[in-house]
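Down below is the structure, laid out as structure tokens.
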Amino acid sequence: MLDVQLGELGSGSPAGVDEALELVAGFDDALVHGFARIGEEPAAALSALAGALAASPLGDRIGESVEKVVAGSIGDEHLAALAGGRAALTGAVHDALLGSLDAALGRTRAAWEAAPGTGDHPDNLLAGCRVWLRELAIVGWRGVDHDVVSSSDQAIEALLAVPELRGLAVLLDGLAAELRASCPVSTMEHVPARRWADLWSRALLLSQSGPWNGGAEQVSGRLLILGADVHEHATVVRVQVHGVFEPAGGAPARLVRTSVAAAKVDTIVGPAVWRLMGGHPVLLGALAEHRTLEITDMPLLGGGDLVWHDDRARAGEEADPFATARVQLGAAVAAPVPPLDRHPVRIAEPVFIEGYTVDGETLELGGGNMLALDLDRLPSSTPLTPELVAASTACLGLLHWDGGRWTLQPIAVQATVKKKPVAVHTGDWAMGPTDPKVVKAEAKAGDAVAVLRERAGRLLRK
Amino acid sequence: MDADRAAWEQRSVVRVVPPVEPRKLAKVPFVELADGRLQGVVSSGSDIERVYVSSITAGTHALSCSTNNNRPCGALHGYACKHIRMLADEAVLQYGMDRVARYLRVEVAEHGDLINSLNRLVERTPAAVVFSRFLRHLAYLEVPESTEPLAELHWFPAMGAVR
Ligand SMILES: [Zn+2]
């Protein structure tokens, strides 16, 4: 049945998505050239964006801001309004896509209940970020050189020291690293216009008054792990666990995510990254050993994110994620998405698929329905490989949407290797690699984390 | 091709920075392509408290090497000292020859050696700038873990090796 459901997703974008993204592309192109001297075409694109949003609550502010920016007056409040307008469009695209996905999967999603805003943050830090983002908007991506990139260093360093602003810090650090590697951008053949405008817009919104996670409820119950996704750039690694949460007292099971992020440097890669998250042994142990987690009084945010506290959890009995998926995934209630997080890139919906054949990078689901695999998203820190996916008969994965199509990122597979059934999960090496060959290679390469910690101990506090 | 290009430019998730290769860090703990230079920090072979700050400037290929206390490296005159050689070797391991050569704007013959492809201009660049970037690099290891939702990281999925 899932075949047909997923097959429906392949037949074009929901109504309005292409048109909304065309407006976004116009904005993104304007940002490539910068707002300092805005040409006719980018000016028309910004006006089109304002026109499309004219009837929205932001309409007046966006209209006025476009006029000012086109006239060469580029104030912080105008840029914020433009970023807000762009976010409204990507938010609408997100809602249309997630709605069609939920309909196809028959997934129930709880409604968003407005949560109170979060506390105040050191405004001087956010102001420092806004200065850099404004400079980027003025010069445009094509005008970015080493000096422009380096001028972000101080602001990012300051942000990293404030736990509540960590999201903005890792976002700007990732963007700065990409710009640094692309310098001078004027000579770059193609500019990743959508991506960088996404990052710029989100950073600008976050640097108005900090993140918007809202309030949390304290929950207790049992967490059944479905699998783990890994996010990473040069100076951060994060494991995000998807699971089914059974609240104590028998309320319906819910789909949740919980995560641990650790700062790192670019030379710490591969399975070594798990060691950086060693401060959370209960979660990592349950991932590696496929165990349930008993949770007591842990904060659950409105967007379905369990804010992990390792000391409020203990590992329970063994639980096969494939069994959890077969029995529980279909009925679990999905979490709503916080309004400002609504962007297609955040869609990562867990699904369980079996009875398919793999042809290269495509799953043939039967009935002529196809689903593209995203095999780039098999991290080197995990034992899951394209070969295992190709040999698989059942798959737990995350559905994503980008570049106009749905793709499946496998996070666990059941496969037949040398005539024996195996199950491989992205989290299997959470407590260290289990493959002797990988253990040996790691030992030979030496412990990068230990070497750098030794250097830091000797040189940093002088 | 134009369609591919448009598709790439209109994706939220694309790989912009090529992945770096793992390497042993004991002798050369820090290498980067930044500020128009290949620059880094080389541990002294004799004194565990001392490091050398070495660099090669893109375009001019000027060489520089000094201790972190800004004392010029005695071995650098007219040809690259062992610190600069080690820096170049480790940079090639970390980034690959292509990326390093492209950044420095140097022609390296196939199977050629990076250092031998440079002219040998010596021009001191301030060690303090590079050393402070190294300290900033090390400081990441002191940043505590976070369990906040960090939705921003959806733009940065971990990707495997380039296939
Ligand atoms: Zn030297």
Would A:H233 and B:W155 satisfy ring-ring contact (aromatic ring centres under 6.0 Å, His included), going step by step from the backbone distance to the final call? CA-CA 10 Å; A:H233 66 50; B:W155 274 276; over 10 Å; no
Using side-chain heavy atoms (C-beta onward) and a distance below 4.5 Å, is A:R195 in contact with B:V16? yes
May I have the step-by-step check of side chain to side chain contact (heavy atoms under 4.5 Å, CB included) for B:R11 and A:R194, ending in yes or no? CA-CA 6 Å; B:R11 284 185 61 179; A:R194 171 69 45 82; 5.9 Å; no
Contact part of A:L160 toward chain B, heavy-atom cut-off under 4.5 Å: side chain, backbone, both or neither? both
Row check, B:Y103 ring normal vs A:R180 NZ/CZ: under 6.0 Å, within 45°: no
N/O donor-acceptor pair under 3.5 Å between A:R238 side chain and B:L150 backbone: yes
Determine, step by step, whether B:Q10 and A:D402 satisfy the side chain to side chain contact (heavy atoms under 4.5 Å, CB included) criterion, reporting the C-alpha distance in whole Å, the side-chain angles of both residues, the deciding distance to 0.1 Å, and the verdict. CA-CA 9 Å; B:Q10 293 183 17; A:D402 196 16; over 6 Å; no
Chain B contact via A:A161 - which portion, at a heavy-atom distance below 4.5 Å: neither
Sort A:S150 into side chain, backbone, both or neither according to what part of it lies under 4.5 angstrom from a heavy atom of chain B. side chain
Highest number of heavy-atom pairs under 4.5 Å with chain B: which of A:L384, A:T235, A:V269, A:V449? A:T235
Measuring from B:E142:CD to A:R453:CZ, what's the distance to the nearest 0.5 Å? 8.0 Å
At a heavy-atom separation under 4.5 Å, does A:R202 approach chain B through its side chain, its backbone, both, or neither? side chain
Max heavy-atom pair count under 4.5 Å with chain A, selected residue of B:R99, B:R23, B:H137, B:E21: B:H137
With heavy-atom distances below 4.5 Å as the criterion, would you say the side chains of A:E454 and B:I48 are in contact? yes
Nearest 0.5 angstrom please: A:T267 OG1 to B:E32 CD, how far? 11.0 Å
Pick one of side chain, backbone, both or neither for A:A193, based on which atoms fall under 4.5 Å of a heavy atom in chain B. both
Scored by heavy-atom pairs under 4.5 Å with chain B, the best of A:E157, A:Q409, A:R166 is A:R166
In the structure I gave you, are the side-chain heavy atoms of A:E232 and B:F156 within less than 4.5 Å of one another anywhere? no
Scored by heavy-atom pairs under 4.5 Å with chain A, the best of B:V41, B:L25, B:N68, B:L135 is B:L25
Nearest heavy-atom pair of B:V143 and A:A263: which atoms, and what distance? CB-CB, 3.7 Å
Contacting moiety of A:I268, where chain B heavy atoms sit under 4.5 Å: side chain
If you round to the nearest 0.5 Å, how far is OG of A:S259 from CD of B:E148? 9.0 Å
With chain B, which of A:A261, A:A234, A:A25, A:G403 has the greatest number of heavy-atom pairs at distances under 4.5 Å? A:A261
Turns out that what part of A:D153 lies under 4.5 Å from chain B's heavy atoms comes down to both
Ranked by heavy-atom pairs below 4.5 Å to chain A, first place among B:T147, B:V31, B:D35 goes to B:T147
Region of A:D28 that comes under 4.5 Å of a non-hydrogen atom in chain B: neither
Least distance between heavy atoms, A:R455 atom then B:R50 atom: NH1-O, 4.4 Å
Can you tell me how far the CG atom of B:L153 sits from the CG atom of A:L171, to the nearest 0.5 Å? 8.5 Å
Just so I know, are the side chains of B:P149 and A:L301 near enough to count as touching, which here means a heavy-atom distance under 4.5 Å? yes
Any side-chain heavy-atom pair of A:V451 and B:K27 under 4.5 Å: no
One option among A:A262, A:A181, A:P192 has the most heavy-atom pairs under 4.5 Å with chain B, and it is A:P192
Less than 4.5 Å to any heavy atom of chain B: does that hold for the side chain of A:L206, its backbone, both, or neither? side chain
Apply the test side chain to side chain contact (heavy atoms under 4.5 Å, CB included) to residues B:H154 and A:Q240: give CA-CA distance (whole Å), side-chain angles for both, the deciding distance (0.1 Å), then the verdict. CA-CA 10 Å; B:H154 288 286; A:Q240 183 163 57; 3.2 Å; yes
Okay, A:V236 and chain B: the region with an atom under 4.5 Å from a heavy atom over there is side chain
Please report the closest heavy-atom contact between B:S12 and A:H343, naming both atoms and the distance. OG-CE1, 3.5 Å
Quick check on A:H400 against chain B: is it the side chain, the backbone, both or neither that has a heavy atom closer than 4.5 Å? neither
Nearest 0.5 Å, please: how far is CH2 in A:W308 from OG in B:S146? 15.0 Å
Answer with side chain, backbone, both or neither: which region of A:V345 has an atom nearer than 4.5 Å to a non-hydrogen atom of chain B? both
Roughly how far, to the nearest 0.5 Å, is CD of B:E9 from CH2 of A:W196? 11.0 Å
Output, in order, the C-alpha distance, side-chain angles, deciding distance and verdict of side chain to side chain contact (heavy atoms under 4.5 Å, CB included) for B:Y140 and A:D173. CA-CA 11 Å; B:Y140 277 103; A:D173 216 6; 2.5 Å; yes
A:H146 versus chain B, the contacting section by heavy-atom distance below 4.5 Å: side chain
